[in-house]
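Residue numbering restarts at 1 for every chain, and letters A, B, ... go by the order of the sequence lines.
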Amino acid sequence: MSTVVDLNGESPAAEGRTVGPPPAADVLLEVRGLKTYFHVMDGTVAAVDGVDFQLKRGETLGLVGESGCGKSVTSLTIMRLVDIPPGEIVAGEVWFDGREILSLPMAEMRKIRGADMSMIFQEPMTSLNPVFTVGNQIAEAVKAHRPVSNREAWNRGVEMLAAVGIPAPERRAKQYPHELSGGMRQRVMIAMALSCDPKLVIADEPTTALDVTIQAQILELIKAMQERTGAALLLITHDLAVVAETVQRMAVMYAGKIVETGTAEDVLLDPKHPYTQGLITSIPSNVPRGQRLNVIRGTVPNPFRMPAGCRFEPRCPLVFEPCRDFDPPLRTTDLDRRAACWLHYPPSERPTVSDVAVPSAPVRTERVGKR
Amino acid sequence: MATSAAVTIAPTARVSRGLWHDAFRRLMRNRPAIVGLTCIAIFVFGAVFAPLIAPYGPTVGELSNSLQGPSLAHIMGTDLQGYDEFSRVLYGARISLTVGVIAVVFGLIGGTTVGAIAGGAGGLVDGFLMRVIDVLLAVPGILLAIGIVAWLGHGEIQIMLAVGISYSPIFARLLRGSLLALRESDYVIAARSMGASPVRILLRHMLPNALTPLIVQATLAAATAIIDVAGLGFLGLGPGDPRIAEWGEMLTDSSRFLQSAPYLIFFPGAAIVISAVGFNLLGDGLREALDPRLKR
């Protein structure tokens with residue numbers, strides 16, 4: 001395909017960029033200063049605005065945040081599946097398995113997708129092609145990455161269906177997606193994602209579309225498969241309970257930024273950032289019966305008009321002097337704990353109004369014109 | 001919404017054998033579609049076995065026998081040359097059906113190629129191809145076909161090309177539209193996330209899912225193609241050889257005797273109407289069979 005042809009929902013390589021040094025060898029995925037913006041009619045949305053995190057080999061990380069905070073865009077950017085335009089990867093690096101993948105040519109990226117990193121989607125009902133049998137679809141994914149015969153690929157598909165706990169896999173493999181239930185289809189998606197033994201599995205809200213009893217089974221399955229294959233897992237969810245049960249470490253996202261990271265236990269039991277604190281205190285079961293539920297007052301900021309300082313400032317109960325004008329970067333508070341809040345900076349390191357420099361690049365809020 | 005619709009398709013307890021099988025079953029339950037299919041089958045049968053069924057050859061007759069009314073010897077009468085009208089209607093089915101259907105096939109091939117390139121590639125390619133299609137659509141189909149026949153000359157192939165080209169913009173538009181919608185579909189994104197190449201995604205994941213509206217449109221187009229082919233024949237742009245029986249040309253020839261021998265215009269006209277209605281009924285039936293959401 002020539003360069004005139006757009007890449008059909010794939011993000012072309014960012015060219016002519018200089019990247020930093022590679023991360024340590026035990027780090028499978030490192031995201032540095034990632035910014036993904038969308039240029040739309042009304043202006044620019046900074047969906048992901050400076051995200052940093054790390055995922056070691058075989059580790060499980062939960063990326064938590066409410067709808068629209070940029071967690072899915074983060075995962076799609078890592079997979080290079082963001083449509084460009086209207087999307088634009090403005091800045092940042094994504095290191096995967098020792099390579100900076102934002103600057104890889106598309107063909108190289110396609111070899112990685114499905115083979116080394118794969119994705120489980122939110123909607124099992126619509127994520128399978130309705131006109132092919134499920135066995136066929138898994139076999140196709142295998143054939144895309146391995147030099148195997150049709151028969152071997154099919155057998156691998158059946159084997160994977162058995163591995164994800166589908167009874168009578170030989171028969172199920174010959175069925176079409178509409179003949180399977182939602183939970184079954186999600187199992188098929190998991191089988192497909194794991195069919196080539198990836199090093200990283202990104203699960204984007206894998207249980208949101210399923211009913212509660214099936215949710216638990218699917219989470220159990222994802223966890224078991226992760227342990228069996230040793231793949232690292234990036235679990236994207238808005239459900240704190242899911243995080244508590246499934247992952248070792250977690251990162252909390254708010255309005256395009258990561259506000260807190262740490263082990264799941266630490267973050268859930270001792271949240272450092274006021275937003276995380278608000279999330280946890282608003283869990284209904286934490287409130288005695290008969291009392292009003294706790295809420296985080298206000299709403300998520302308008303993506304076209306982000307606050308100039310800390311993005312949580314308009315809603316924060318603990319807001320104080322530097323918050324309005326300065327956006328706090330992530331700061332290591334404890335071993336393996338980081339939070340983006342001025343409260344966790346010693347007073348001497350907090351900026352004051354007399355500081356002219358703005359620590360964080362201001363978000364473009366005006367219309368940028370046609371691109 | 002789409003998901004809930006998808007869920008409700010699967011009826012309880014049944015032996016399921018894939019989408020095509022289900023569609024076929026639904027089609028067989030649709031009475032108008034069966035009527036349409038029967039009409040088409042009768043004409044196809046008549047066309048294929050014309051030499052066996054027809055009592056006379058298409059160009060066998062005596063001038064002395066000219067313009068006879070329907071009788072036992074000539075159940076649809078005879079025309080100006082004394083040829084048997086019934087035989088000519090049968091032989092005419094060969095021309096009208098093959099030219100009509102092949103014209104649609106030409107249109108499908110041209111239209112889907114353009115549509116697939118436009119919808120698959122997107123960007124500038126898409127913009128350019130769609131503007132070309134817009135220009136073609138701006139000219140009325142039959143006028144475009146007349147122009148092409150006038151340019152390429154008389155003959156069956158020329159008519160097929162002319163009608164085919166005038167139909168291809170519809171198919172191109174239709175396919176491109178389906179492909180654009182499918183590009184954003186979850187399973188296409190999922191296929192991309194598994195490392196499938198753009199060409200593979202287009203051919204394996206998008207085209208098969210975009211086929212059903214094309215099949216329906218092609219069947220409906222066959223109905224209009226038969227009328228258009230007859231129309232070209234009526235306007236004197238038919239196969240060119242007056243000995244070849246063609247429904248449209250038969251209408252022209254008989255229009256002069258509308259008062260003295262109205263049966264001459266009735267029978268080929270009825271043949272055109274019945275075959276066109278047949279394809280229309282089948283097309284509507286296919287639309288309902290292939291799109292389960294329309295099912296009551």
Is there a side-chain contact between A:Pro177 and B:Tyr187 (heavy atoms, below 4.5 Å)?
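With C-beta onward as the side chain, the pair stays apart.
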Are side-chain heavy atoms of B:Ile189 and A:Met79 found at a separation under 4.5 Å?
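B:Ile189 vs A:Met79: side chains apart.
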Distance-minimising heavy-atom pair for [X] and [Y]:
X: B:Pro198; Y: A:Arg110; result: CD-CZ, 3.3 Å
X: B:Met194; Y: A:Ser118; result: SD-CB, 4.2 Å
X: A:Ser127; Y: B:Ala190; result: O-CB, 3.6 Å

Walk me through whether A:Asp83 and B:Glu184 qualify under side-chain contact (heavy atoms from CB on, under 4.5 Å).
CA-CA 10 Å; A:Asp83 263 315; B:Glu184 305 298 321; 3.8 Å; yes
Could you tell me which portion of A:Ser195 (side chain, backbone, both or neither) has an atom closer than 4.5 angstrom to a non-hydrogen atom of chain B?
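For A:Ser195, the contact with chain B is made by the side chain alone.
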Name the region of A:Met117, side chain, backbone, both or neither, that has any atom closer than 4.5 Å to a heavy atom of chain B.
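For A:Met117, the contact with chain B is made by the backbone alone.
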Side chain, backbone, both or neither of B:Arg204 within contact of chain A (heavy atoms, under 4.5 Å)
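For B:Arg204, heavy atoms of backbone and side chain both lie under 4.5 Å from chain A.
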Check whether B:Ser185 gets within reach of chain A through its side chain, its backbone, both or neither, counting any heavy atom under 4.5 Å.
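Looking at B:Ser185, nothing touches chain A.
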Nearest 0.5 Å please: distance from the CG atom of A:Asn129 over to the CE atom of B:Met206.
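Going from CG on A:Asn129 over to CE on B:Met206, the span is 11.0 Å.
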Find the distance between OG (B:Ser197) and NZ (A:Lys111) and round it off to the nearest 0.5 Å.
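B:Ser197 atom OG to A:Lys111 atom NZ measures 12.5 Å (nearest 0.5 Å).
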